[in-house]
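For reference, the structure discussed in these notes is given below.
No hydrogens, no waters, no symmetry mates; every other heavy atom, side chains included, goes into these values.
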Amino acid sequence: MTTPRLAVAGAGLIGRRHIELVQASDAVHLQAIVDPSPDARAVADAAGVALYPDLAQLFTAEAVDGVILATPNALHVEQALQCIEHGVVALIEKPVAHTLEAGERLLQAATAAQARLLVGHHRAHSPILARAREVIAQGTLGRIVAVSGSATFYKPTDYFESAPWRRQPGGGPILINLIHEIGNLRALCGEITAVQAMASNATRGFAVEDTAAILLRFAGGALGTFVLSDTAASARSWEQTSQENASYPSYADEDCYVIAGTHGSLAVPTMRLKTYASDDARSWFKPFQLGQASVERADPLALQLAHFADVIQGRAQPLVSVRDGVQNLRVVEAIATAIQTQAQVAVATD
């Protein structure tokens, strides 16, 4: 196949980032931009490509091999269905759908059509996450028994003033931010089978939570805790520790996950290891051997784009499938239900 021809649907903040990456890549070619807003004209002109108001007009006028859907969440499923209908491979920005019901509908259609769809949980392409998974798979930590995680950060006032919907149900950190963490935790520790949670809006006083504390049960028997807050003056978030996005200051001494097994523990993303020298040395009275797993950092969005090119050309299966995207939504919905009911909630699977 020749260089895959891509269209980017959505010329907003994340769409413009995708456009930059496509233009900088030798693996793909930017063919068109799809966006009905007047501001999109300047973006298309600057990129030197055609602009279409919707996918229907794009597919009528152009032959493209792939579409990156960087549109509002509520449009993801219908636009992905259009891509399936026209046999076009799609990269769907996360979340895969704005509701679980819509995500389930897309999953059914994608499965029936054997469609190649990649969901944009870009952290799955992070070399940090890949190295952590490798350490765990090698058995360095033994059997995983516990994980503690956090996404604690402070969103400024103008974040809410520029988009008042963020103060209302659906705009809190559970639906906006937590889905990223769920994807990471599933990748590291396996499927999440049950959750318990509580939330608070005591700090901001909005109609939506600003802080949540979550308990997780994994299929392998491990348990986890996770603290989420968008009003905490803290650097213990992936953005502020991974050094993968220059928009955020980072702190080399901070971690957002600690995974503990029967033989040792791994802190992510510093990749600091604490392991026992032998089975006989496993005791809290004995010292750990200290180490650090090596990792070379790279932009996961750029790596995701290269992977998308491979998916289009049939060289790879989607690393994050629609099924994965929907399962992340199922976990988030179970957490929301657990907060409402104050009960343990089982997470549905296929």
Side-chain angles (χ1 to χ4, degrees), residues 4 6-10 12-15 17-18 21-22 28 34 55 65-85 87-126 129-130 133 175-188 190-192 238 244 299-334 347-350:
L6 300 189
V8 176
L13 186 63
I14 186 61
R17 179 61 179 144
H18 281 296
L21 289 169
V22 172
V28 290
V34 179
L55 288 179
D65 304 300
V67 173
I68 297 175
L69 298 177
T71 49
N73 298 349
L75 301 179
H76 287 179
V77 168
E78 296 308 320
Q79 290 178 333
L81 291 172
Q82 286 181 272
C83 291
I84 292 174
E85 180 183 351
V88 174
V89 186
L91 192 169
I92 310 163
E93 263 298 343
K94 74 286 180 189
V96 66
H98 65 298
T99 67
L100 180 56
E101 183 278 328
E104 300 276 13
R105 181 159 53 91
L106 176 60
L107 175 58
Q108 184 176 19
T111 302
Q114 296 184 318
R116 287 175 292 165
L117 302 177
L118 173 66
V119 181
H121 283 282
H122 67 279
R123 291 186 192 172
H125 302 267
S126 165
L129 197 67
R133 293 181 68 177
L175 292 182
I176 292 177
N177 304 104
L178 185 61
I179 198 161
H180 300 283
E181 313 302 335
I182 296 304
N184 279 9
L185 292 172
R186 289 179 57 233
L188 292 169
E191 291 298 342
I192 296 168
W238 183 270
E244 290 180 341
D299 182 357
L301 278 172
L303 295 175
Q304 177 182 254
L305 179 61
H307 175 67
F308 185 44
D310 287 341
V311 171
I312 292 172
Q313 295 178 310
R315 295 196 296 259
Q317 292 298 312
L319 179 62
V320 183
S321 66
V322 172
R323 189 177 303 278
D324 285 320
V326 168
Q327 194 60 34
N328 290 338
L329 282 175
R330 288 170 178 158
V331 176
V332 170
E333 181 171 272
V347 177
T349 57
D350 291 343

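A heavy-atom distance below 4.5 Å is found between the side chains of F308 and L6. Looking at heavy atoms from C-beta onward, L129 lies in side-chain contact with L188 at the 4.5 angstrom threshold. Counting only heavy atoms from C-beta outward, the side chains of Q327 and V347 approach each other to under 4.5 Å. Between V22 and I68, the closest side-chain pair of non-hydrogen atoms falls below 4.5 Å.
Expressed to the nearest 0.5 Å, how far CG of L69 lies from NE2 of H76 amounts to 6.5 Å. The CG atom of L185 sits 5.5 Å away from the CD1 atom of I192 when rounded to the nearest 0.5 Å. The structure places OG1 of T71 at 9.5 Å from CD1 of I92, a figure rounded to the nearest 0.5 Å.
Applying the side chain to side chain contact (heavy atoms under 4.5 Å, CB included) test to A302 and every residue at least two apart in sequence or in another chain returns L21, D299. Residues forming a side chain to side chain contact (heavy atoms under 4.5 Å, CB included) with L175 (at least two apart in sequence, or on another chain): V332. Residues satisfying the salt bridge (Lys or Arg N to Asp or Glu O under 4.0 Å) test with E333, not counting sequence neighbours, are none. For E85, there are no salt bridge (Lys or Arg N to Asp or Glu O under 4.0 Å) partners, not counting sequence neighbours.
Taking all atoms of both residues into account, the shortest heavy-atom contact from A9 to V67 is CB-CG1, 4.3 Å. When all heavy atoms of V320 and A124 are compared, the pair lying nearest together is CG2-CB, 3.5 Å. Closest heavy-atom contact between G15 and V8: O-CG1, 3.8 Å. Closest heavy-atom contact between P4 and A309: CG-O, 4.4 Å.
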Show me, pair by pair, the donor-acceptor contacts under 3.5 angstrom made by side chains of residues 93-100, not counting sequence neighbours?
| unit_1 | atom_1 | unit_2 | atom_2 | d |
| --- | --- | --- | --- | --- |
| E93 | OE2 | H18 | NE2 | 2.8 |
| K94 | NZ | H122 | ND1 | 3.3 |
| T99 | OG1 | A102 | N | 3.1 |

Under 3.5 Å, which donor-acceptor pairs link side chains of residues 105-119 to any protein atom two or more places apart or in another chain?
| unit_1 | atom_1 | unit_2 | atom_2 | d |
| --- | --- | --- | --- | --- |
| R105 | NH1 | E78 | OE2 | 3.0 |
| R105 | NH2 | E78 | OE2 | 3.0 |
| T111 | OG1 | L107 | O | 2.8 |
| R116 | NH1 | V311 | O | 2.8 |
| R116 | NH1 | I312 | O | 2.9 |

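Judged by distance alone, the side chains of E244 and S126 do bring a donor and an acceptor atom under 3.5 Å apart.
Between H307 and H125, the angle of the ring planes lies from 30° to 60°, which puts this pair in the tilted group.
Looking only at distances, no side-chain donor or acceptor of H180 sits under 3.5 Å from a matching main-chain atom of H121. Side-chain N or O atoms of D324 include one that pairs as donor or acceptor with a backbone N or O of S321 at under 3.5 Å.
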